[in-house]
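Encoded as structure tokens, the structure appears first; notes follow it.
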Amino acid sequence: MIGKCPKCEATPNIVVEALRARDESSQRTLPVLQFLCDQCQTILSIALDPEWQAQVVAGQLRAVDQGSETSH
């Protein structure tokens, strides 16, 4: 079942926009994906960019791997 937009109640075609969101407390920005209703432009959801998350995880795994090599 496809959901409806909570504002206009249309069955939207989701528009995905890549942008950077800023954390007010740290002043850092992070890459996010914003999901919009194509009818009324209401923001339906925002999520961290999965490609960026994969790069972060890969970097952390490399750091853990390198740390285990030096401890032997």
Side-chain angles (χ1 to χ4, degrees):
M1 183 170 130
I2 297 175
K4 293 184 177 182
C5 173
K7 182 176 180 184
C8 70
E9 297 190 6
T11 302
N13 289 315
I14 307 292
V15 176
V16 180
E17 292 182 352
L19 55 102
R20 293 193 69 84
R22 184 172 56 136
D23 178 357
E24 292 294 328
S25 61
S26 70
Q27 300 300 310
R28 291 180 29 201
T29 63
L30 299 171
V32 298
L33 299 178
Q34 176 173 268
F35 301 88
L36 305 168
C37 171
D38 69 330
Q39 302 294 313
C40 67
Q41 300 301 305
T42 295
I43 298 171
L44 302 172
S45 181
I46 295 178
L48 287 172
D49 184 327
E51 289 181 20
W52 176 78
Q53 286 179 307
Q55 291 173 0
V56 169
V57 169
Q60 289 176 344
L61 290 175
R62 276 193 299 274
V64 168
D65 242 7
Q66 290 171 353
S68 65
E69 290 173 6
T70 58
S71 64
H72 290 281

Test of understanding: with side chain to side chain contact (heavy atoms under 4.5 Å, CB included), list the residues that count as partners of [X], not counting sequence neighbours.
{"X": "Lys4", "answer": "Thr11"}
{"X": "Leu48", "answer": "Leu30, Val32, Trp52, Gln53"}
{"X": "Glu9", "answer": "none"}
{"X": "Val57", "answer": "Leu61"}

Does any part of the side chain of Pro6, heavy atoms only, come nearer than 4.5 Å to the side chain of Leu44, both counted from C-beta?
yes
List the atom pairs, with distances to 0.1 Å, where a side-chain N or O of residues 18-27 and a protein N or O form a donor-acceptor pair under 3.5 Å, not counting sequence neighbours.
residue : atom : partner : partner atom : Å
Arg20   : NE   : Thr29   : OG1          : 3.0
Arg20   : NH2  : Thr29   : O            : 3.1
Arg20   : NH2  : Thr29   : OG1          : 3.0
Arg22   : NH1  : Gln27   : OE1          : 2.8
Arg22   : NH2  : Glu24   : OE2          : 3.1
Asp23   : OD1  : Ser25   : N            : 3.1
Asp23   : OD1  : Ser25   : OG           : 3.0
Asp23   : OD2  : Ser26   : OG           : 3.2
Ser26   : OG   : Arg28   : N            : 3.3
Gln27   : NE2  : Glu24   : O            : 2.4

Do Asp38 side-chain atoms and Asn13 backbone N/O form a donor-acceptor pair below 3.5 Å?
yes
More than 12 heavy atoms from other groups under 6.0 Å of CD on Gln41
yes
Would you please name every residue forming a side chain to side chain donor-acceptor pair (under 3.5 Å) with Gln34, sequence neighbours left out?
Glu17
May I ask whether Ile14 and Ile43 are part of the same hydrophobic cluster, defined by side-chain heavy atoms of I, L, V, M, F, W, Y residues being less than 4.5 angstrom apart, directly or through others?
no
From Phe35 atom CZ to Ile46 atom CD1, the distance as rounded to the nearest 0.5 Å:
9.5 Å
What heavy-atom pair brings Pro12 and Cys5 nearest, and what distance separates the two atoms?
CD-N, 3.9 Å
